[in-house]
Amino acid sequence: MVSRPSDPDAGVSPPGSGTADLAARLDRIPVVTRTHHRWAWLLGSLFVFDLVDLNSFAFAAPALRAEWGLSIGGVGAITSAGFVGMFFGAIVGGRLSDRIGRRPVLIGAVFFYSLFSLLSAFAVGPWSLGILRVLTGFGLQAMTGVLLVWVSEMFPRAHRGRYQALLLAIGLAGVPIAAWAARLVVPLGEGGWRWIFVVGALGAIAGVVALRALPESVRWRAAHGLTGGEEELVAKLEAQAETRTGQPLPEPELERPVGAGKVSELLRGATLRKTIVASAACVFLILSFYGFSSWVPTLLVERGYTTAQSLTFSSILAIAAVPGALLAMPIIDRFERKTVIFGLQVAVAVLLLLFGLIPHSAAILICGFGAAMLMQTGVATLYTYIAEVFPLHLRGLGSGIANGSGRLAGVVGGLLVAGLYSGLGMSAVYVYLAVAALAMGLVMLLFGERTTNRRLEEIERA
């Protein structure tokens with residue numbers, strides 16, 4: 001039988017007590033239930049098409065250089081255009097999710113990016129494609145940021161890290177899907193690249209399923225005084241957990257909720273520190289991660305490989321994404337997240353240097369595969385961290401600012417790679433990527449919060 005929380009205040013119901021009650025009951029669930037598993041597969045499928053869209057231009061770029069006469073600078077400009085959209089999507093999507101709910105923003109963003117991905121297939125030149133990539137990027141980052149927040153609020157605290165990693169692993173299947181789709185359609189001839197964007201638009205199908213199957217965040221609804229099934233949903237999860245474990249659940253650890261504050265809270269005190277650290281980590285992540293993944297196909301061609309060879313190499317490296325995210329699962333909830341990130345980024349920095357400086361094909365594949373794999377392990381860990389450190393009423397906006405800062409850095413990063421290559425050569429590009437990777441690890445190690453296996457409300461009070 002499911003044990004119910006007792007009232008520590010002898011019948012007094014302080015404002016927000018429903019939030020504390022439901023949050024405590026969610027956190028006492030020791031296992032991931034059948035319902036959680038269904039949510040994981042659904043959210044993972046949304047991530048799949050997010051990642052297809054996110055990487056589609058990188059794999060189309062070599063063909064566009066040949067078909068449109070697009071320069072390296074033009075590739076950098078369109079890559080940066082996508083990051084401009086992601087910056088605004090992260091901020092707007094995060095703020096809207098705090099005000100109107102996680103679910104409508106998450107699902108609406110799926111339909112938004114799917115539409116503009118489809119329209120990208122009909123682009124007639126660099127300008128039109130650049131505008132469409134801004135709009136696609138807006139939807140992509142709005143969905144990603146809110147999805148991560150939803151998971152942090154709805155999955156058991158002892159498992160939220162590994163399930164963030166699992167969702168990313170499922171979604172990262174979109175990277176090899178985009179890579180191998182490009183490998184199949186781009187060599188077919190002029191215009192073949194357009195089908196890559198059509199594949200990304202299929203995310204709308206998963207969006208339709210989410211309309212029926214994905215509930216609103218219980219924590220968000222309770223905090224806003226809304227009712228309509230939250231009690232029944234939590235009771236269902238508790239019953240499933242008891243059935244699976246064969247034991248009654250422990251008593252919930254009730255805490256008084258932290259009251260809602262103003263947006264300006266992000267700019268002062270402990271919350272300001274969290275905002276700066278998370279934003280800086282995202283900036284260095286984007287500079288290193290997307291500076292590598294977005295430019296690999298183009299830079300391999302510049303190193304003397306054919307377009308077909310470059311796409312083959314890129315497709316092999318893309319396979320590293322899924323095992324990279326899965327690698328986070330056994331460690332992300334066992335060790336402190338900021339320490340894990342530091343160790344990963346040191347290894348990534350070394351592998352990026354070797355990838356750029358050693359000319360042999362075998363070394364390029366081995367070092368590139370290792371760097372791509374460990375980068376994804378770091379992404380899974382950092383994404384989990386960001387969705388944990390901000391207070392409930394600002395979690396969407398705080399996460400949006402952090403992620404948006406990284407995407408804005410991507411605007412500069414795309415142009416910086418092009419400038420470094422043109423001015424200083426290939427080696428300078430990979431030295432820069434390695435330094436950015438190491439800087440991310442140092443920021444987290446020195447200034448990051450402890451979040452592993454802590455209640456969100458405990459982190460909020462810290």
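What you see is a predicted model, and the numbers here were worked out from it, not measured in a lab.
Arg102 pairs by the salt bridge (Lys or Arg N to Asp or Glu O under 4.0 Å) definition with Asp98, Glu153, not counting sequence neighbours. With sequence neighbours excluded, no residue satisfies side chain to side chain donor-acceptor pair (under 3.5 Å) with His159. The salt bridge (Lys or Arg N to Asp or Glu O under 4.0 Å) search around Arg221 returns Glu230, not counting sequence neighbours. Checked against side-chain contact (heavy atoms from CB on, under 4.5 Å), Ala439 has the following partners two or more places apart in sequence or in another chain: Phe284. Partners of Leu416 according to the side-chain contact (heavy atoms from CB on, under 4.5 Å) rule, which considers only residues two or more places apart in sequence or in another chain, are Leu420, Tyr432. For Val105, the side-chain contact (heavy atoms from CB on, under 4.5 Å) partners are Leu96, Ser97, Ile100, Val146, not counting sequence neighbours. Take Asp333 and apply the side-chain contact (heavy atoms from CB on, under 4.5 Å) test, not counting sequence neighbours, and it matches Arg162, Arg337. Under the rule for a side chain to side chain donor-acceptor pair (under 3.5 Å), Ser399 has no partner lying at least two apart in sequence or in another chain. Annotation: side chain to side chain donor-acceptor pair (under 3.5 Å) contacts of Asp53 (sequence neighbours excluded): Ser117.
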Using residues 368-382 as the side-chain source, report each donor-acceptor pair under 3.5 Å to any protein atom, sequence neighbours left out, with the distance given to one decimal.
{"residue": "Thr377", "atom": "OG1", "partner": "Gly324", "partner atom": "O", "Å": "2.5"}
{"residue": "Thr377", "atom": "OG1", "partner": "Met373", "partner atom": "O", "Å": "3.2"}
{"residue": "Thr381", "atom": "OG1", "partner": "Thr377", "partner atom": "O", "Å": "2.9"}

Ignoring hydrogens and angles, write down the donor-acceptor pairs under 3.5 Å from the side chains of residues 342-350, residues two or more places apart or on other chains.
{"residue": "Gln345", "atom": "NE2", "partner": "Ala437", "partner atom": "O", "Å": "3.2"}

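Applying the ring-ring contact (aromatic ring centres under 6.0 Å, His included) rule to pairs touching residues 80-109 yields Phe83-Tyr290, sequence neighbours excluded.
The aromatic rings of Phe292 and Phe355 sit perpendicular, their planes meeting at an angle over 60°, well past the 30° parallel limit. Aromatic ring orientation, His37 versus Tyr163: tilted (interplanar angle from 30° to 60°).
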